[in-house]
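The figures that follow rest on heavy atoms only: side chains count, while hydrogens, waters and symmetry mates do not. Since the model is a prediction, treat every value here as computed from it, not as a measurement. Each chain gets a letter, A, B and so on, in the order the sequences are listed, and its residues count up from 1.
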Protein chains: 4
Amino acid sequence: MAKLQKSIQKKAALLKATLHLINNGGIQEASMAKIAKLAAVSPATIYLYFENKQDLINQLYLSVKEMYAKVAFENYESNNPVKKCFEQIWLNMARFKQDMPEESSFLSQCDNTPMIDEETREQGLVYLHPLFSLWERGQAEGIIKEISPYLLYAYTIYPTAFLMNMHARELFKVDNEVLHLAFQLAWDSIKV
Amino acid sequence: MAKLQKSIQKKAALLKATLHLINNGGIQEASMAKIAKLAAVSPATIYLYFENKQDLINQLYLSVKEMYAKVAFENYESNNPVKKCFEQIWLNMARFKQDMPEESSFLSQCDNTPMIDEETREQGLVYLHPLFSLWERGQAEGIIKEISPYLLYAYTIYPTAFLMNMHARELFKVDNEVLHLAFQLAWDSIKV
Amino acid sequence: MAKLQKSIQKKAALLKATLHLINNGGIQEASMAKIAKLAAVSPATIYLYFENKQDLINQLYLSVKEMYAKVAFENYESNNPVKKCFEQIWLNMARFKQDMPEESSFLSQCDNTPMIDEETREQGLVYLHPLFSLWERGQAEGIIKEISPYLLYAYTIYPTAFLMNMHARELFKVDNEVLHLAFQLAWDSIKV
Amino acid sequence: MAKLQKSIQKKAALLKATLHLINNGGIQEASMAKIAKLAAVSPATIYLYFENKQDLINQLYLSVKEMYAKVAFENYESNNPVKKCFEQIWLNMARFKQDMPEESSFLSQCDNTPMIDEETREQGLVYLHPLFSLWERGQAEGIIKEISPYLLYAYTIYPTAFLMNMHARELFKVDNEVLHLAFQLAWDSIKV
DNA sequence: TATGAATGAGTATTCATTCAT
DNA sequence: AATGAATGAATACTCATTCAT
């Protein structure tokens with residue numbers, strides 16, 4: 001149906017506009033008026049697709065999180081050895097952060113900002129479930145330290161956000177070599 | 001000078017008010033009017049001490065960063081062995097994040113947000129100089145991996161922000177035991 | 001004709017929805033969108049039956065006025081003595097205000113509000129013609145004071161609006177006893 | 001103090017502007033922007049003097065009610081006979097409605113509209129206390145019917161609103177002669 | 001130094017109305 | 001006849017900033 005597709009496109013345009021504006025200037029710069037203008041739509045139209053600004057941002061968060069997960073678990077073969085599996089996911093995640101800097105930077109902003117409802121945040125977490133499973137398996141196999149997944153996340157996934165941030169600000173270039181170095185650090189910190 | 005001190009107190013009150021408001025609700029909640037009210041001062045008075053809102057936030061950033069550094073290098077004896085030195089600094093930093101959650105959470109927000117001028121950010125970096133020196137020494141002594149300080153920071157200091165964040169949201173309790181575990185992870189990732 | 005009747009039903013539903021909304025919150029609460037929703041109809045559909053919002057309200061006014069008149073002159077036998085006739089009409093009107101509080105309260109709002117076109121108001125007046133005739137007869141018979149019908153209306157019909165208003169706000173209960181008292185007051189004021 | 005007076009003037013100008021706009025077009029026409037413009041003030045300034053629109057309207061209501069009462073009980077000598085007293089008050093009230101048509105018409109709108117908080121309405125009532133006292137005295141003296149003050153009000157005071165309304169719409173001229181006629185009707189309806 | 005009053009431009013959101021289908 | 005989608009203009013209200021005192 002042409003109509004439905006047009007609808008979907010418009011919603012996508014709104015999400016994209018929001019993403020872009022939040023990225024360049026934080027929430028304060030992402031006014032509904034600007035979002036509408038950037039999406040080439042009337043302000044009133046936003047409210048056909050989203051309940052209010054918070055809903056718009058929540059939905060943006062979830063949609064980006066979903067994209068992130070999709071990339072993270074691409075080509076993921078859970079039968080491979082734990083380290084191999086983890087490396088695959090880790091590199092996928094890094095690739096996402098490299099290839100989609102706006103999406104990635106947005107997620108970083110969300111992490112430390114009261115921008116997203118706690119409830120929505122929890123919803124976003126479930127996308128990472130396969131990673132948590134993998135860690136459990138690694139621990140069962142005695143390969144990964146027996147510690148909270150929060151610690152595992154903090155020392156393997158979270159640091160890449162910082163690196164990509166520095167990369168985006170052109171303070172520190174993250175190329176393939178650095179990436180493999182980084183994975184080494186991540187693995188060193190959690191392996192038994 | 002009683003007058004000068006009163007001035008300093010007022011400025012401090014304004015910074016504190018700003019910190020508090022930004023922490024509970026992000027920049028969007030920290031309007032000049034609210035800041036003034038919380039600091040028991042007229043809105044116009046803010047402009048005696050700060051050029052504008054951006055300047056206020058920048059100065060807040062630098063003052064918090066300075067406090068952070070002061071705590072980080074407390075009791076720091078640079079003659080001690082590298083690992084000992086690093087542990088001292090690392091634990092100091094962790095303590096800061098535990099004891100001053102508002103200040104620490106504010107710094108986290110600043111990290112991934114276009115809230116602070118790039119220039120001001122750089123100024124904030126110099127406070128951490130002793131840590132960078134220590135890492136250089138560690139690398140010279142062959143104890144720490146020969147990699148960019150950005151990587152070292154990403155895998156040793158940055159993760160604690162995540163942990164404290166989770167702690168603040170009551171998702172993961174960070175006690176002394178966890179803290180020492182965390183330091184272990186940090187060290188494992190960068191030691192040769 | 002099934003089709004025509006469906007049309008009439010829809011129009012009636014729209015009028016009823018408007019009535020209800022205006023009553024609970026005044027015009028400001030009766031947006032076209034809300035009216036449409038309450039009538040289970042698309043906003044665009046309203047414009048098939050009414051030219052615009054003002055027309056909708058005008059038509060509502062006239063339809064309610066018509067209902068009012070229908071009740072007011074129910075069982076009206078113009079051969080009876082004047083006082084008897086008047087009492088009949090007066091009690092009918094009071095009954096309408098009791099039994100149809102929404103309609104009645106709406107008419108009250110219209111009375112003192114620039115909600116209704118002057119022209120439409122005049123149209124509404126004609127429904128009351130039999131009452132004016134009765135008064136003329138009463139005056140010819142020397143039973144009713146020789147004064148303007150506006151005065152007669154002000155002191156016999158208009159007061160009931162106030163009483164019903166107080167009743168609706170639960171400030172003053174208007175039961176049958178009060179009603180007959182009220183009629184007595186009305187009659188006392190205009191009788192010769 | 002010149003400053004204080006300027007403040008009071010501005011508040012008065014805002015109240016007056018609101019009164020005028022509500023009178024010509026109802027609440028819907030009295031937007032904050034229009035009120036500000038008519039009072040020659042920025043929209044933001046309104047909020048220095050009033051909490052929000054509802055507060056503005058409530059305060060307007062109370063201030064008009066107060067003026068009304070001031071006029072109503074002018075030259076009121078409570079030692080005079082009941083009828084004389086009542087006539088004095090009644091004529092004062094009528095004079096108010098004649099001389100201050102905007103204020104009077106506004107009060108009429110308030111009567112039948114969900115424009116004013118119930119609480120504020122009650123506050124407005126106390127201004128009329130002396131009238132209620134007088135009625136009680138009249139009842140004690142056996143001059144006025146032993147009925148609820150709501151009935152007394154409905155048949156003596158309330159009708160004038162209708163008359164003035166008609167007068168304002170140029171449908172029925174209310175001159176001095178009519179006024180005395182009207183008082184006669186009022187008195188006839190409540191006297192024993 | 002310190003302020004309360006003032007503001008124009010901006011905020012998120014809703015409005016009555018239209019139009020392609 | 002009926003609609004869902006769309007909109008520019010309006011809504012109440014807040015903003016960062018200024019200025020006379």
Donor-acceptor pairs under 3.5 angstrom involving side-chain atoms of residues 19-28 of chain C: please list them, not counting sequence neighbours.
residue: C/His20; atom: ND1; partner: C/Glu102; partner atom: OE1; Å: 3.3
residue: C/His20; atom: ND1; partner: C/Glu102; partner atom: OE2; Å: 3.1
residue: C/Asn23; atom: OD1; partner: C/Ser105; partner atom: OG; Å: 2.4
residue: C/Asn23; atom: ND2; partner: C/Glu102; partner atom: O; Å: 2.7

Pairing donors with acceptors under 3.5 angstrom, does anything connect the side chains of C/Lys11 and C/Gln59? yes
For C/Ala36, give me all partners under side-chain contact (heavy atoms from CB on, under 4.5 Å), at least two apart in sequence or on another chain. C/Pro43, C/Ile46
Measure NZ/B/Lys53 against P/F/dT18 and give the value in whole Å, please. 15 Å
Closest to the 5' end of DNA chain F, once D/Ala33 and B/Glu29 are matched to their nearest nucleotides, is D/Ala33
Any side-chain donor paired with an acceptor under 3.5 Å for C/Ser104 and C/Tyr68? no
Any donor-acceptor pair under 3.5 Å linking the side chain of A/Asp117 with the backbone of A/Thr120? no
Check the surroundings of atom CD in A/Glu119: do more than 12 heavy atoms from other residues, nucleotides or ligands lie under 6.0 Å from it? no
note: A/Asp55, atom CG; E/dT13, atom C1'; distance rounded to Å ~ 14 Å
C/Gln28 or A/Gln28: which one's nearest nucleotide on DNA chain E is closer to the 5' end? A/Gln28
B/Lys34 atom NZ is separated from F/dC15 atom C1', nearest whole Å, by 11 Å
Looking at D/Ser31, does any N or O in its side chain come under 4.0 Å of the phosphate oxygens OP1/OP2 on F/dT11? yes
Protein proximity profile, nucleotides 1-8 of chain E - base contact B, sugar-phosphate-only contact S, no contact -, cut-off 4.0 Å on heavy atoms: SBBBSBBB
Please report the distance, rounded to the nearest Å, between CG in C/Asn52 and P in E/dA16. 11 Å
Whole-Å distance, D/Lys37 NZ to F/dA12 P, equals 14 Å
Could you check how far CD1 of B/Ile27 sits from P of F/dC15, rounded to whole Å? 14 Å
Any strand counts, and the cut-off is 3.5 Å on both contacts for Watson-Crick or G-U wobble. Which nucleotide pairs with F/dG4? E/dC19
Atom CD1 of C/Ile35 and atom P of E/dT17: how far apart are they, to the nearest Å? 10 Å
Output the rounded distance in Å from CG (C/Leu14) to P (F/dA2). 10 Å
With distance as the sole criterion, is a donor-acceptor pair present between the side chains of D/Asp111 and C/Asn165 under 3.5 Å? no
If F/dC13 has a Watson-Crick or G-U wobble mate with both distances under 3.5 Å, name it; if not, just say none. E/dG10
Counting the atoms with a prime plus P, OP1 and OP2 as sugar-phosphate, which does D/Met32 contact under 4.0 Å by heavy atoms, base, sugar-phosphate, or nothing? sugar-phosphate
